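Below: the structure, in structure tokens.
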Amino acid sequence: MASITKIVSSLSRAPALKQQYRLFCAAANKYEFIVKDVAGEKKNVGLITLNRPKALNALNKGLMTEVARALNEFDSDKSIGAIVITGNEKAFAAGADIKEMQGNTYADCILNNFLADWTKVASTKKPVIAAVNGYALGGGCELAMMCDIIYAGDKARFGQPEINIGTIPGAGGTQRLTRVIGKSKAMEMCLTGNMITAEEAEKSGLVSKVFPADQLVKEAVKLGEKISAQSPLTVALAKEAVNVAYESTLAEGLRFERRYFHATFSTKDQKEGMLAFIEKRAPNFTSE
């Protein structure tokens, strides 16, 4: 830290050091396992592409750390209204990196709180859309379920095959899957390791929509653009309210929803949105 401070303090006096500092920042911001970009006509959709193609985008610690870092950056960027996470046409992510975790012991898992840092996707404030092509298995399926909306390519396959390697899902596979598709189907998938198709996933409610594989990311970005056109403040409230419904009783959820609904009437965006509707024009939201 001291050396960086010295470089910063010397920038106005030393052009060479200024260039050195820029190179330092560029190196610090480099991603190894993902590609971070922006998409959409207004560049208001964050795009994270998992990029370990030789390993079918297996989720190792480095990749998940980079995903969390990119999500933090998009979350703090006021120009971004929604985020898309995708892989490639062969695999969204074919599971956690088995080679990396094979040697773990029970003590290692407990003391290092293994997989606890995978939750950033679920705790991101802005809406996150999973665009799933190919295999979404094990940790890959769990990663998709941490997102707020799942769009799938027509050749996508979802599964929790951990049972086949002597373990069980550890990042939400037994919990989120059961809440979404029901006990019987989730039990079958977790106890057999069987995969389901994109069509089955859509019918079960796991997936929102299915598209041809080559159109998937484009459609996910279009969805992100539509969300980004709304009031960021109201989007955040709506996202939290839906998540409360997912995690609590109906009575608790209804109370939460009503209070958040009441709260919107204290915002300028509510006044602008309703006035624009009455005046038959597009609203100009300011997130106030």
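FYI, side chains are in, hydrogens and waters are out, and symmetry mates aren't considered; it's all heavy atoms of this structure. Computed from a predicted model, the values in this text were never measured in an experiment. Along the sequence shown, residues carry numbers from 1.
Within the structure, ring pair (Phe, Tyr, Trp, His ring centres under 6.0 Å) pairs that include any residue of residues 235-257 comprise Phe256-Tyr260 (at least two apart or interchain).
Under a cut-off of 6.0 angstrom, the local environment of CD in Gln102 is sparse, with at most 12 non-hydrogen atoms contributed by other residues, nucleotides or ligands. Shown here is Ile168, whose CD1 atom has no more than 12 heavy atoms of other residues, nucleotides or ligands within 6.0 Å. Open room surrounds NZ on Lys155; 12 or fewer heavy atoms of other groups in view lie less than 6.0 Å from it.
Note: Glu202 CD to Asp154 CG = 11.0 Å, rounded to the nearest 0.5 Å. Considering CD of Glu247 and CD of Gln175, their distance stands at 12.0 Å, rounded to 0.5 Å. Atom OG1 of residue Thr65 and atom CD1 of residue Ile34 lie 10.0 Å apart, to the nearest 0.5 angstrom. We find the CD1-CG distance between Ile163 and Asn194 to be 11.5 Å, quoted to the nearest 0.5 Å. Note that OG1 of Thr86 is 11.0 Å distant from CD1 of Ile48, once rounded to the nearest 0.5 Å. Here Phe158 contributes atom CZ and Leu206 contributes atom CG; the two are 5.5 Å apart, rounded to the nearest 0.5 Å.
For Asn44 (side chain) and Gly81 (main-chain N/O), no donor-acceptor pair under 3.5 Å exists by modelled atom type. Looking at Thr267, its side chain never comes within 3.5 Å of a backbone N or O of Ala263 through a donor-acceptor pair. Under a 3.5 Å cut-off, the side chain of Glu200 and the backbone N or O of Thr197 do form a donor-acceptor pair.
Both Phe33 and Leu115 belong to a common hydrophobic cluster when Ile, Leu, Val, Met, Phe, Trp and Tyr are linked at side-chain heavy-atom distances under 4.5 angstrom.
Note on Lys222 versus Glu225: no salt bridge recorded, every NZ/NE/NH1/NH2 to OD/OE distance being 4.0 Å or above. Taking 4.0 Å as the cut-off between side-chain N and carboxylate O, Lys209 and Glu219 do not count as a salt-bridged pair.
Note that Lys218 lies outside the cation-pi zone of Phe211, set by a 6.0 Å cut-off to the ring centre and a 45° limit from the axis.
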